Amino acid sequence: MNKVVLTADRPSGKLHLGHYVGSLVHRIQLQKDHRPYIMVADVQALTDNFEHPERVAENILEVTRDYLAVGIDPHKATIFVQSQVPELTEMTVYFLNFVTLARLERNPTVKAEIAQKGYETSLPMGFLCYPVSQTADIVAFKTDIVPVGEDQLPMIELSNEIVRRFNRIYQTEVLKEAEPLVGKVGRLVGIDGKEKASKSLNNAIFLADSPEDIRQKIFSMFTDPHHLKVSDPGTVEGNVVFTYLEAFHQDKEEVAALKAHYQRGGLGDTAIKERLNTTLQTFLAPIRERRAPLKDADLKEILHTGTQEARKVAQITLQEIRTAMHLCYF
Ligand code: ATP
Ligand code: MG
């Protein structure tokens, strides 16, 4: 079945391993038989970077470069830039009517981000409302599947609530509910042991990191603070090195054996970090090599073509929305 798949990333920085396991891996698989739309969410990135728009502008091409480097095929996927599809902004304004302030404030992901950004005392409305603009992104393309990390589940739930409300009030089926698709690693922890690797927290290994940076980040990883001597029994739960080995090491039996050895004692932190270093260097080297020769002009062309295609689809949905809302006077 040809389903519509939509995903997005904020161009607030380059993409990292969390993006890979959380969402990119699914996009690469789904592009074989489905219709993926991949959006560079610059409008959303501005909601907490509006004072530094150059940061967002710079990263639009970097994120696109990451897409191609991991194997997203621009002939199969429509890659586009959010701000250049103004139909999405218009939809967002209409959808704001279908959600209350209390409902937006209840979103656990937004709540955590507000605390993390120190927005408790002066919260920009654009930031609080970004899940509503995500609803526009999802419905504009009649999306069936949204491959996301766990942190995005409350957004999809809200989007589906807005869809149901809209369709009920206007007695229509114009908007479609979407299903999230969460990977086996729904939330990759940060290298600092914080619950999520993220661009904003700068606690991630980026797909474009140099071999030296990768090594240095692995050696700074949080392990087991009580594992002082190699002979001590160690804990694997909450141990970032093992979390990353589980997510990226191909040989599952070897990971199980390493875990058992670490737990009974006799396996040092340096040894497991060296093992992870080999794994991640092997995984990231081809991505970095595919990334390097991609030219700005070619990436811009891909975005330009994709944006034109995306706009055509969004225009059709917007017209249906306007009709349902009786907004066709002339
Ligand atoms: P920012 O810190 O600017 O919000 P981010 O690192 O959270 O950046 P996003 O662009 O917000 O990245 O997220 C894009 C997609 O990648 C989302 O579907 C999100 O759930 C997923 N994702 C991001 N970080 C992780 C992670 N650590 N583990 C799993 N999925 C992730
Ligand atoms: Mg995020």
Side-chain angles (χ1 to χ4, degrees), residues 5-28 30 36-53 55-60 62-64 66-67 70 72 79 81-82 107-119 124 126-128 130-131 133-135 137-138 143 145-159 178-209 217 221-222 240 243-244 246-248:
V5 181
L6 176 114
T7 51
D9 304 283
R10 296 153 36 94
S12 49
K14 291 179 188 152
L15 300 185
H16 52 68
L17 290 176
H19 295 115
Y20 192 89
V21 290
S23 153
L24 291 169
V25 68
H26 280 137
R27 301 183 210 179
I28 301 161
L30 290 169
Y37 287 88
I38 300 182
M39 185 180 81
V40 184
D42 60 338
V43 176
Q44 195 191 120
L46 280 173
T47 62
D48 56 336
N49 285 286
F50 55 91
E51 288 169 302
H52 304 285
R55 200 178 286 164
V56 174
E58 265 160 31
N59 281 301
I60 286 180
E62 293 303 328
V63 166
T64 311
D66 286 327
Y67 290 157
V70 295
I72 287 171
I79 309 177
V81 184
Q82 187 180 26
N107 185 316
T109 300
V110 175
K111 252 193 203 165
E113 288 171 340
I114 288 172
Q116 176 203 317
K117 293 171 202 300
Y119 281 165
F127 188 79
L128 182 70
Y130 85 72
S133 96
Q134 287 184 313
T135 304
D137 309 332
I138 294 170
T143 304
I145 306 171
V146 192
V148 279
E150 238 170 51
D151 62 311
Q152 293 301 306
L153 291 177
M155 282 53 172
I156 315 257
E157 201 180 299
L158 177 78
S159 174
E179 251 180 74
L181 176 65
V182 180
K184 74 178 166 35
V185 187
R187 189 184 298 249
L188 186 72
V189 290
I191 52 172
D192 53 0
K194 287 215 177 106
E195 62 174 270
K196 181 179 170 295
S198 124
K199 303 187 216 93
S200 304
L201 296 173
N202 200 17
N203 61 351
I205 295 179
F206 292 90
L207 301 178
D209 273 347
K217 286 181 182 180
M221 273 180 179
F222 180 90
V240 179
T243 309
Y244 276 65
E246 266 177 11
F248 296 98

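For the numbers below, each heavy atom of this structure counts, side chains included, while hydrogens, waters and symmetry mates do not. Model, not experiment: these values are computed from the prediction. As the structure lists them, so they are numbered: ligands from 1, and atoms in each ligand from 1.
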Does the residue [X] have a heavy-atom contact with ligand 1, meaning some pair of atoms that are separated by less than 4.0 Å?
X	answer
G190	no
H16	yes
G186	yes

In the structure I gave you, are the side-chain heavy atoms of [X] and [Y] within less than 4.5 Å of one another anywhere?
X	Y	value
Y130	D48	no
P11	E58	no
H19	D9	yes

Among [options], which one puts a heavy atom closest to [atom]?
atom	options	value
atom 18 (O) of ligand 1	G22, A41, S12, G149	G149
atom 10 (O) of ligand 1	E195, K199, R187	K199
atom 16 (O) of ligand 1	K14, R10, E150, H19	H19

Need the ligand 1 atom indices (1-based, order shown) with element for anything under 4.0 Å from a heavy-atom of [X].
X	answer
A8	14 (C), 15 (C)
S198	2 (O), 6 (O)
A197	24 (N), 25 (C), 26 (C), 27 (N)

Between D151 and R187, does the salt bridge (charged side-chain N to carboxylate O under 4.0 Å, His left out) criterion hold? Intermediate values first, please. CA-CA 7 Å; D151 62 311; R187 189 184 298 249; 5.9 Å; no
Give a yes or no on whether Q116 atom CD has more than 12 heavy-atom contacts from other residues, nucleotides or ligands under 6.0 Å away. yes
Where the side chain of N59 meets the backbone of V56, is there a donor-acceptor pair that is under 3.5 Å apart? no
Atom 2 (O) of ligand 1: the protein heavy-atom neighbour that sits closest, reported with distance to 0.1 Å: S200 OG, 2.6 Å
Considering only non-hydrogen protein atoms, determine which one is nearest to atom 19 (C) of ligand 1 and report residue, atom name and distance to 0.1 Å. D151 OD1, 3.5 Å
Correct closest heavy-atom pair for P180 and V148 would be CB-CG2, 4.1 Å
